[in-house]
Amino acid sequence: MRKHPEDSLQTACVKWFRLQYPNHLIHHSPNGGYRNIREAARFKEMGTISGFPDLFIPVESKEYNGLFVELKCGKNKPTNNQLTVMDRLRKEGYLCVVCYCFDEFKETVNNYLS
């Protein structure tokens, strides 16, 4: 858990979500991590967008088209690229939130889906 705390947080969030909301989808685009140049180029050609949020819940609410969540641990902050992508998604009618812990994720999701 020490090497990849955001991965551990994301795994816990997805497991909880799937138990709490089995009739809703949650999606992660594998756009992070280390890749060799060839694989990175292939992912980019296939539509991977740098800075895209970690999780997407494609459920429309009264105000939003869906919910995107960027997960951060400790003192980590969203990068400028992540902030730019989230701003573009907001302009398209999505709610974008940065969560720093499991409880914050649960509260965000419960509030959004209620």
Side-chain angles (χ1 to χ4, degrees):
M1 183 166 168
R2 289 183 188 164
K3 283 188 174 186
H4 304 284
E6 285 180 17
D7 290 358
S8 297
L9 173 59
Q10 183 166 320
T11 299
C13 291
V14 169
K15 284 181 180 179
W16 171 85
F17 180 90
R18 288 180 174 158
L19 287 171
Q20 283 298 122
Y21 298 100
N23 295 324
H24 291 302
L25 296 173
I26 189 166
H27 173 74
H28 165 69
S29 296
N31 59 338
Y34 297 101
R35 294 184 167 63
N36 64 48
I37 292 172
R38 190 178 274 168
E39 186 177 18
R42 185 172 62 87
F43 271 52
K44 189 173 183 179
E45 287 175 357
M46 292 170 48
T48 300
I49 298 171
S50 176
F52 209 76
D54 293 315
L55 297 172
F56 177 49
I57 299 169
V59 177
E60 192 175 10
S61 73
K62 290 179 183 177
E63 292 182 62
Y64 302 103
N65 296 325
L67 171 63
F68 283 95
V69 178
E70 177 63 32
L71 296 170
K72 294 294 179 188
C73 287
K75 296 180 181 180
N76 287 346
K77 303 279 185 217
T79 65
N80 287 337
N81 196 27
Q82 288 170 327
L83 294 172
T84 298
V85 169
M86 287 189 289
D87 186 51
R88 289 182 67 184
L89 289 166
R90 286 183 187 105
K91 288 177 183 174
E92 294 294 330
Y94 294 94
L95 177 61
C96 296
V97 179
V98 179
C99 294
Y100 291 90
C101 68
F102 179 69
D103 288 335
E104 190 174 6
F105 174 81
K106 288 192 324 185
E107 181 179 353
T108 297
V109 171
N110 286 332
N111 288 339
Y112 182 80
L113 294 176
S114 64

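Rounding to the nearest 0.5 angstrom, the gap separating the NZ atom in Lys91 from the CG atom in Asp87 is 4.5 Å. Separation of atoms OG1 (Thr108) and CG (Leu95) is listed at 8.0 Å; rounding is to 0.5 Å.
Taking the side chain as every heavy atom from C-beta outward, Val97 and Tyr112 never approach each other to under 4.5 Å.
Applying the 4.5 Å side-chain rule to ILVMFWY residues, one finds Ile49, Phe52, Phe56, Phe68, Val85, Leu89 in the same cluster as Tyr94. Other members of the cluster containing Tyr100 are Leu83, Met86, Val98, with ILVMFWY side chains joined at under 4.5 Å, either directly or via other members.
When all heavy atoms of Lys77 and Lys72 are compared, the closest pair comes out as O-CE, 3.6 Å.
Around atom CZ of Arg88, no more than 12 heavy atoms belonging to other residues, nucleotides or ligands sit under 6.0 Å away.
For Ser50, the side-chain contact (heavy atoms from CB on, under 4.5 Å) partners two or more places apart in sequence, or in a different chain, are Asn81. In terms of the side chain to side chain donor-acceptor pair (under 3.5 Å) criterion, residue partners of Asn76 (sequence neighbours excluded) are, by chain and number, Glu6.
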Could you pull out all donor-acceptor pairs under 3.5 Å where a side-chain atom in residues 57-64 meets a protein atom, sequence neighbours excluded?
residue	atom	partner	partner atom	Å
Ser61	OG	Glu63	N	3.2
Ser61	OG	Tyr64	N	3.0

Could you go through residues 9-26 and list every donor-acceptor pair under 3.5 Å that involves a side-chain atom there, pairing it with any protein atom two or more places apart or in another chain?
residue	atom	partner	partner atom	Å
Gln10	NE2	His28	ND1	3.0
Thr11	OG1	Asp7	O	2.9
Tyr21	OH	Asn110	OD1	2.4

